[in-house]
Each structure stands twice: as C-alpha cells, then as structure tokens.
Amino acid sequence: MTKIPYRFYLPENEIPTQWYNMRADMKEQPDPLINPATMKPATEEDLYPVFCKKLAHQEMDSTTRYIDIPEPIREMYKIYRPSPLIRAYNLEKALGTPAKIYYKFEGNNTSGSHKLNSAIAQAYYAKDQGLTSLTTETGAGQWGTALSEACSYFGIPLTVYMVKVSYEQKPFRKTVMQTFDANIIPSPSSTTSIGRKILSENPNTTGSLGCAISEAVETATSTEGCRYVLGSVLNQVLLHQSIIGLESKKAMEILGEYPDVVIGCAGGGSNLGGLIAPFMQDKLTGKANPRIVAIEPASCPSMTRGKYAYDFCNTGKITPMARMYTLGSSFIPSANHAGGLRYHGMSPILSKLYHDGYMEAKSVEQSRVFEAAVMFSKLETILPAPESAHAIRGAIDEALHCKETGEAKTILFGLTGTGYFDMTAYSAYMEKRMTDYVPTDEELQASFDKLPTIPTME
Ligand SMILES: *Cc1c(COP(=O)(O)O)cnc(C)c1O
C-alpha cells in the first residue's frame, strides 16, 4: 500500500452533496423545545418569528436522514472545501506513540474556523426566503466573521452585536467584519430595550454573550423582514456541520482507515456534532463502535459537571427552552481564553447522546491546553485556536495512553480553526501569567438554583 500523505483532499466527485441528520438514527429523541410563553412544546410555527422557515423546519425535523445541500451553498463551499484531512506524522513521532493521529482542519477561510459552514447555509436560506436583514451576536468574533463573510456573499445586510469587552480588546476582529460590510454594535447598547435596561443598571458593564444574544433576538423580532441566526447549539447548525464528519469519513475510507477514537472540543457542540455525525450513525446502527470524546474547558464544564435540565438558551429568556447539559444560563464562566467554549449549555442532540452513554466527556485546564497548542504549532505548522487546542490536548493524552499500553489506535480529532486573533492568550501562557480557574461546587449550585422549573418528560 502507498504511504498515507500528510494532507489528503477528497477528489471532487467524492464531495458530499447532502448533510446527515443524526436524529433520524437516534432511537430516543432529545426532549422537545419548550415555548416559554405557553410552557408547551414549541411548534415549527412558534419558531418563525425568530428563524427563517427552512431553518425552523430543519430545527424540528428529526426524521429526514439526508438533506440535499442546495446548489448555491455547494458553490460557496467549493471556494474553501473540501478541507484537508491531515496525518500528524510529526506529532506522532514527537510523542513516540504507536497511535496514528489524523485531524480535520477547518481553519482555511477568513473566519479561521468551521463556523463558515453553517453561516453560509443560514445566509442562503434567509436570502432565499426574501428576508431583508439578519442579526447575530459574537463573543470571540469567529461566528460574527463567518456570518459577515456569508452575508456579504449572498448580499444580505447584517448587524452583529459584539460583546463589549471583545469589541474593545479585539479591534481587528471588528475590522475584518467591517471589511465584509457588517454593522458592528458593541453590546450592551442603547439600540434595544434590554440593552438600555442593562446599561441603566450597570453603566460600566463589559457585556456578556447572553446579553448580546438577547439584543440580537430583540432586534430581529421587532424589525420587519429581519431574523436572528445562531452559530452553535441548535440542531440545524449540527446538521450543516455534518459536512466535516462526512468528508472525514469518506477520506479515511479512501485511505483504508477508520477511527477507534473521535475527539473534538465542545463549546455549544456544533463542530463536535458535525465531526462525529457519520461515526455516531455507525454506532447508532450497530455498524461500528468508535469511542467519541468531547473535550471541554475545566472553567466551563457543562457536560462533566452540569445538570441535564431544561434551561434558557440565552440570558434574555426569549428563545425557546431546551433540555441540555447546562451550568445554568446565569452562570458566568471566568475569563478563559477559549472564548468560543464559554457557553453555559450544550447542544440538545449531544446532551441526549451523552446522557444515553453514546459518548464521553472530559474537561481540561487551560495551561495544559496551551502546552499542547504550542507543541502542535511547532510540529504541524498550524497555530491553533485556543478552542481547537482542547481537542489537540485530548488527542495527545489519548496518544500518550497508547504509548503506555502499546496499542496502535487510530485517532481522529477536529482542528476547528486558527488562533491569530488570540495572541494575547498565547503571550499570557508564554509569560507564565495564565491561571487555571475551576468553579467551585457552591458557585455551580448557585447557578443551578436559578434553573427554570419545568417538569421533565420522563
Ligand atoms: C466557536 C468555536 C468553537 C466552539 O464552538 P462549537 O459550536 O462547540 O463547535 C470551537 N473552535 C473554534 C475555532 C470556534 O470558533
């Protein structure tokens, strides 16, 4: 057999033309979304004021296994996809492990992350429905950048509520979004009633993701022809991200490989849900049994220490409630450098799969994450995003375990993006100023106490 190359790109005729919907193969479904206005399961129509129709449909569709990717979306995917499947030969050698390490690299676009995969789909469906503008929020900036790029391509105006602290600390992120014509507003702002309320109570606040989401949702629901779009957590986003896993599985198949372990970082769960999708299908249908591992920050451990409960997806409490692993929507994680992983909840699909024992979760402290990031960048010529470095840490730990046991396992992990806008974090690590804050049980309990009371349907 020929040697497996460092980088492998799927040939054009093998590129997936459909997304895969994991729910179609799940024996038990995630609990339904609850409409907070009626306290009853939300219907597709309940979602129309917030999401565009096709996306509301995808959100609720738990039966269609494969969904065609519309031609205009595939055309834009072609600009930066397929993404490479890379064999980490150098990393394997440096670790002295018998394991084979593969990673799928999603950072080859301006947003520097996988988020563009769903941004394109969401911008396209909005345009197709004749909507005239979109709103969203961004914390670390990757989602805002991805959506700005997609909206500019499809010609739909976008307003981004950017958490004030990021707006001030990451001015170049703002400039990238402005390059794609997005209107950027630091949140909290005086453009919404929730923003004005927060500002009057606390004029010096640096903002939070929850507050930015609330402002974006309020503007979308009060502006004609405007809708809100979200970059993670939702079922529709996991569906769009399945392109990552479908390409990975096909590429490995062509190379004669299949992973024993699939590892990804978990913030709201979208890249992980996308990467594992076709492998989870094999597990759900009994075809294969790879281990699936989520890696989350110890500072924001929604799966490893959260509760499986109904909670609001945002602090504004206007979006539907979902049953998920959550630290409580009032939980404010300590300032961790992996901004994209600082979300209180977890995708309801992944939460259900984790609850039912189909996957594992581990939490890691950020200094060990950056140790892995620095090692990786020297060996693999990619400077990883701090979020992605959680998956690298997970893969390295797995490979080191193989070294002890002598098992030649095949590891696949998701390298979600690049970290060029995170150099403050890298310098904190290199100058030994990085701290590892782990919330206490009391802090978590204080947040659990504020969870909404909903009878769970069991
Ligand atoms: C947003 C982001 C994540 C985490 O989001 P998920 O929805 O959990 O995938 C991970 N990596 C990068 C680079 C990101 O931008």
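One-based numbering, in listed order, for ligands and for the atoms of each.
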Counting only pairs under 3.5 Å, give me each side-chain donor-acceptor contact of residues 159-167, with atom names and distances, residues two or more places apart or in other chains.
| residue | atom | partner | partner atom | Å |
| --- | --- | --- | --- | --- |
| Thr159 | OG1 | Asn183 | ND2 | 3.4 |
| Tyr161 | OH | Thr191 | OG1 | 2.9 |
| Tyr161 | OH | Thr219 | OG1 | 2.8 |
| Ser166 | OG | Gly139 | O | 2.7 |

Could you tell me the separation between the [atom1] atom of [X] and the [atom2] atom of [Y], rounded to the nearest 0.5 Å?
X      : Y      : atom1 : atom2 : answer
Asn90  : Leu95  : CG    : CG    : 10.5 Å
Thr63  : Arg23  : OG1   : CZ    : 8.5 Å
Ile263 : Leu412 : CD1   : CG    : 8.5 Å

Exercise for the section: Among Glu106, Arg7, His114, find the one that has a side-chain hydrogen bond (donor to acceptor under 3.5 Å, both in side chains) with Ser83. Expected result: Glu106
Fill in the blank from the handout: Partner of Tyr325 under side-chain hydrogen bond (donor to acceptor under 3.5 Å, both in side chains), picked from Lys307, Arg305, His355, is His355
Completion exercise
Contacts for ligand 1, heavy atom under 4.0 Å, by chain and number, are Ser113, His114, Lys115, Gln142, Ser232, Cys265, Ala266, Gly267, Gly268, Gly269, Ser270, Asn271, Gly340, Leu341, Ala385, Glu387, Ser388, Thr416, Gly417
